[in-house]
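Written below as structure tokens is the structure these notes are about.
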Amino acid sequence: MPELPEVETTCAGIGPHIQGQLVTKVQVRDKRLRWPVPENLSTTVEKTILNRVYRRGKYLLFEFDHGVLIGHLGMTGSMRIVAHEEPPSFHDHVDLVFTDVTLRYTDPRRFGCILWHPHPVTDHPLLAHLGPEPLSDAFNTDHLVAACRGKKQAIKSLIMDSKKVVGVGNIYANEALFMAGIHPHRQAGRISSKRLSVLVECCKKVLAAAIEQGGTTLRDFVNSDGKPGYFKQQLQVYGRAGSGCVTCEKTLLESRLGQRSTVYCKGCQT
DNA sequence: AAATTCTCCTGAAGGC
DNA sequence: TGCCTTCAGGAGAATT
């Protein structure tokens, strides 16, 4: 599924092909995404220039002079550059046709979205209350300590809350907590600043490593649909419940936290 | 207010 | 082989 590293990879992969280009046509084959694709998207965007593509959290933002197209890949979405003549498949719901290439949005489960918002896009309800980027300096010990203070919520749920910090999905939350030696169910407010400091660094390390892996798929991203398997080989806990801990060899346990699969080592994480 | 549960959806995987 | 059932999960909405 698209985690932050894949969104980053997508952004870097498609941007150079379409930034500064004219949108000649918007083709919506199925508007039933998480929210309906706006009816007037075509008239809003056609015959205008896309200035740039950038990322905020897991949102892909397509900036025009008069507003921003907000894209999210949900669980199964992808965006790629295709030739104009490439015939659409069943789950290819939206095309942005540019002069030279087509940007194609595919999403079997339709958990993603394509929306429009006038400037400034930071006013949009989906973006207005997002926490800092995990790899930025704004995500630091002070920030996490303040976010955890007095909270009874499990630490894993807290770091997956996009209002606290964006882009830490289930896989990376599991991995970062293992790396930090913190039990995922531990109450956020009962973790020392010292340990939260370690967790901040572990989140950054895990995400940075994954982005680096995502970078390896970058070069062929435009003509393939992003394989999710490229970072699997270095996962320490996610998907390994019942197997041995890579550190102490104890059997990794699995629980549910929220609706999410949570895997941890009873020996290494406290 | 804070925390948890529900919800959207479809393909993959497992059971019999 | 094939038809079940279950599960996966981002994140807003609903509920407790």
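On a predicted model such as this, the values are computed, not experimentally measured, just so you know. Chain letters run A, B, ... following the sequence lines, proteins first, then strands; residues in each count from 1.
Candidate nucleotides C/dG12, C/dA11, C/dA8 were compared by shortest atom distance to the side chain of A/Glu254, and C/dA8 ranks first. Side chain of A/Gln259, nearest nucleotide from B/dC9, B/dA3, B/dT7: B/dT7. When each of B/dA3, C/dA11, B/dT10 is scored by its nearest atom to the side-chain atoms of A/Lys151, the top-ranked nucleotide is B/dA3. Closest to the side chain of A/Lys152, from the set B/dC9, B/dA3, C/dG10, is B/dA3. Closest to the side chain of A/His91, from the set C/dA8, B/dG11, C/dA11, is B/dG11. Taking the side chain of A/Asn170 as heavy atoms from C-beta on, and the options C/dG10, B/dT10, C/dG12, the nearest nucleotide is C/dG10. The listed nucleotides are C/dA11, C/dC7, B/dT10; the one nearest the side chain of A/Arg256 is C/dC7. Here B/dT4 is the nucleotide among B/dT4, B/dG11, C/dA11 with the atom lying nearest to any side-chain atom of A/Gln153.
Looking at A/Arg260, its side chain has no donor and acceptor atom pair within 3.5 Å of the base of C/dA8.
If you measure from atom NE2 of A/His129 to atom C1' of C/dA13, you get 14 Å, rounded to the nearest angstrom.
Comparing A/Gly258 and A/Arg34, the nucleotide of DNA chain B nearest to each residue sits closer to the 5' end for A/Gly258.
More than 12 heavy-atom neighbours from other residues, nucleotides or ligands sit within 6.0 angstrom of NZ on A/Lys204.
Taking the six-membered ring where tryptophan is involved, the planes of A/His66 and A/Trp116 are tilted, since the angle between them lies from 30° to 60°.
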